[in-house]
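The structure under discussion appears below in the form of structure tokens.
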Amino acid sequence: MANLIQYARDQIKTLTEGAWAAAAKAGALPEDVSLKGAVEIPKDPQNGDYASSYAMATAKAAKRNPRELAQTLADHMDLSGSIFSSVELAGPGFMNFRLGPKWYGDVLAEIEAEGPQYGQNQEGQGRKVMVEFVSANPTGPMHMGNARGGVLGDTLANVLQRDGYHAWKEFYVNDAGNQINKFALSLQARYLQCILGEDQVPFPEDGYQGADIRELAQAFYDLHGTSFQEKPEAERLEALAAFGLERNIPKMKEDLRRYGIEYDQWFFESSLHDSGYVAETVALLTEKGWTYEKDGALWLNTTELLKQKFLAEGKSQKQVDKLDLKDDVLRRANGFYTYFAADIAYHRNKFAVRGFDLVVNIWGADHHGHVARLQAALDGLGLDGSHRLVIVLMQLVNLLQDGQPVRMSKRSGKAIALHDLLDEVSVDAARYFFNARAATTPVDFDLGLAVREDSENPVYYVQYAHARICTLVERLEAEGHPVPAAATVRGELLATAEEKNLVRTLARFPEEIHGAARDFDPSRINRYLTELAGEFHRFYSACRIKGEEAELLNARLKLADSVRAVLANGLGLLGVTAPRKM
């Protein structure tokens, strides 16, 4: 499980420390100076494979001119046995290192040894992380925002797992509260209209208008006839809500399964109310002094919690005083708990009951005002929500058809639903496109582009590279040239710029996985795969494989097959297939 990029950085530091010790022993440098600086990968390979700023960052403490210090270090540096072939001075004191041939072979050997797990890290140290995503209200079909949140959450959980966390995927089912009451009232109106006629029963002004509500009400009428017409409204509403949820939730599961998403758990909000956990959580906040009563309701002192949170994060008292902070109702005067109270209880359950070390929620950007309030409430419970609860706010999806906006679903006349989308484009295209940009950036999803079979379609471009290599490998194997073992490949033969760039890109995969996990940005994997496919296509155009002398053929064939393995690996993280033929 080696990250060969980090290995190279670490070796440069070790080599520099060794050079400093040798120079100090020779009297050329002082002994009691701590090395400062960093190692970066230059954008232009002409400047070497790695560049260190150690000489510039440490020059002042060493009382030396930076370039003079760099020269002294280079003069006393022993590269024998290392992965580097040379070190050169550049600019005001950079030290540029060039990789030797052994490293290129090591990359291919590492990919072979790790197989489908190549790229995994142990940065997460086995900590438990929950990724909660989609969590759409079960009152109607899932829409395009849910489609984007689905692939962002699913891919992020995959990436965190590969980065060394123990990842858990969860869907929070909002099957209690106001939206369910509104759902039941909408169904009731449509049910009574089935009996009495539309003009005889008014529809709730804020009710759910979709065709799916009409269909559910009609199905309820077909099953029960007029038997619920004269029953008490509370009984009728309860039956209608249960009927609707029993049908909608399995549809949601089916749509998400079709989309390639399987959850570890579907957690029901109603279970928090039924078990008394919401009431218990609110009582705990009261016990800690964070609530007060006003107008018959119980309020959370969100203002004070947020002030403490913002001051701890470094805001000044003056900045905090300027904020328009407001308190939140936890229990209404009628005795019902608010959605916010249930949300606090749910997140308390994640940390205090189920023991997650870190929780990541994928939310729509319209929830931005809720983030700090929820974190602060968890702080008030002693659960350190400000650090342990991460909210990824997701921007909107703009659906296009050949560059023109698409706003309506053919079926319902409303926003495009997930199942409508998957009738138009492949799951692979949907998952790749929705993860193509960071969550903080809006996505333009062009239906026309998503079904095109050319290099303009990014998922096709990456999948085609994989299929092209599979065809190459099969053809050469049929001609008596199977993919060789890495141990038999001479890395020094991979000497062209295209070959070296391709190997360097392959070596970056573990870094990309860690970066995606660290930044909660799985779109880094898309960008990496697109880059890797491009580097392969350039290599394949410039470097002949078939017909070359045996050792060079083997080296290039192994390189191509390593690309195939990493493309399949990365596509697997995205939940996208890696076709062998196209």
Side-chain angles (χ1 to χ4, degrees), residues 1-10 83 103-131 151 153-169 260-262 264 357-358 360 428 431-432 435 462-463 465-466 469-470 473 483-487 489 491 502-533 535-536 558-580:
M1 287 185 290
N3 178 337
L4 292 175
I5 300 286
Q6 189 58 46
Y7 177 71
R9 288 191 175 115
D10 292 344
I83 59 173
W103 184 85
Y104 293 91
D106 287 348
V107 174
L108 305 186
E110 187 67 22
I111 294 168
E112 177 184 277
E114 291 295 314
Q117 291 302 307
Y118 173 65
Q120 67 184 349
N121 296 293
Q122 295 302 319
E123 299 291 340
Q125 300 176 335
R127 286 176 292 168
K128 288 176 63 178
V129 57
M130 177 196 288
V131 183
V151 70
D154 197 43
T155 307
L156 178 57
N158 295 342
V159 164
L160 286 164
Q161 183 75 29
R162 194 69 68 85
D163 198 43
Y165 290 85
H166 177 68
W168 179 268
K169 302 175 185 179
I261 296 175
E262 290 280 0
D264 293 296
D357 301 298
L358 179 69
V360 183
D428 284 348
R431 290 189 64 114
Y432 202 93
N435 197 57
V462 174
Q463 288 179 318
H466 181 270
I469 298 168
C470 289
V473 168
V483 176
V489 169
L502 189 51
V503 177
R504 282 193 289 259
T505 305
L506 288 170
R508 269 191 18 237
F509 189 50
E511 287 249 311
E512 294 298 331
I513 288 175
H514 175 55
R518 179 196 62 218
D519 301 338
F520 306 105
D521 178 15
S523 68
R524 285 185 64 147
I525 306 301
N526 290 58
R527 292 191 291 277
Y528 170 80
L529 291 175
T530 302
E531 181 185 345
L532 179 59
E535 292 288 357
F536 170 75
K558 184 62 177 179
L559 175 54
D561 192 61
S562 299
V563 175
R564 175 205 57 75
V566 174
L567 287 172
N569 186 334
L571 288 168
L573 287 175
L574 302 181
V576 174
T577 61
R580 299 189 66 82

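Quick note: residue numbers are just sequence positions, from 1.
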Do you know the tightest heavy-atom contact between [X] and [Y]?
X: Val563; Y: Leu506; result: CA-CD2, 3.8 Å
X: Gly570; Y: Ile525; result: O-CG2, 3.9 Å
X: Val107; Y: Ala507; result: CG2-CB, 3.9 Å
X: Ala517; Y: Val159; result: N-CG1, 3.5 Å
X: Asp264; Y: Ala167; result: OD2-O, 4.2 Å
X: Ala109; Y: Ala486; result: CA-CB, 3.5 Å

What's the separation between atom [atom1] in [X] and atom [atom2] in [Y], rounded to the nearest 0.5 Å?
X: Arg518; Y: Leu160; atom1: CZ; atom2: CG; result: 12.5 Å
X: Met130; Y: Lys169; atom1: CE; atom2: NZ; result: 13.5 Å
X: Glu112; Y: Tyr118; atom1: CD; atom2: OH; result: 13.0 Å
X: Ile5; Y: Asp10; atom1: CD1; atom2: CG; result: 11.5 Å
X: Leu567; Y: Leu532; atom1: CG; atom2: CG; result: 4.5 Å
X: Gln161; Y: Leu156; atom1: CD; atom2: CG; result: 11.5 Å

Who passes side-chain hydrogen bond (donor to acceptor under 3.5 Å, both in side chains) against [X], sequence neighbours left out?
X: Arg9; answer: Glu511
X: His514; answer: Asp163
X: Thr505; answer: none
X: Gln125; answer: none

Going through the distances and angles, do Thr577 and Leu571 end up as a side chain to side chain contact (heavy atoms under 4.5 Å, CB included)?
CA-CA 6 Å; Thr577 61; Leu571 288 168; over 6 Å; no

Mind running side chain to side chain donor-acceptor pair (under 3.5 Å) on Arg162 and Asn569 for me, showing each step along the way?
CA-CA 11 Å; Arg162 194 69 68 85; Asn569 186 334; 2.7 Å; yes

Side chains of [X] and [Y]: does their closest heavy-atom pair fall under 4.5 Å?
X: Ile111; Y: Phe509; value: no
X: Leu574; Y: Leu529; value: yes
X: Ile513; Y: Gln120; value: no
X: Trp103; Y: Arg504; value: yes
X: Lys128; Y: Trp168; value: no
X: Tyr7; Y: Asp106; value: no
X: Arg431; Y: Thr155; value: yes

Judged by atom type as modelled, is there a donor-acceptor pair below 3.5 Å linking the side chain of Asn435 to the main-chain atoms of Pro522?
yes

Can a donor-acceptor pair be found, under 3.5 Å and without considering hydrogens, that links the side chain of Tyr432 to the backbone of Asn526?
yes

With sequence neighbours left out, the residues meeting salt bridge (charged side-chain N to carboxylate O under 4.0 Å, His left out) with Arg524 are Glu512, Asp519

In chain order, what residues pass the ring pair (Phe, Tyr, Trp, His ring centres under 6.0 Å) check against Phe520, with sequence neighbours excluded?
none

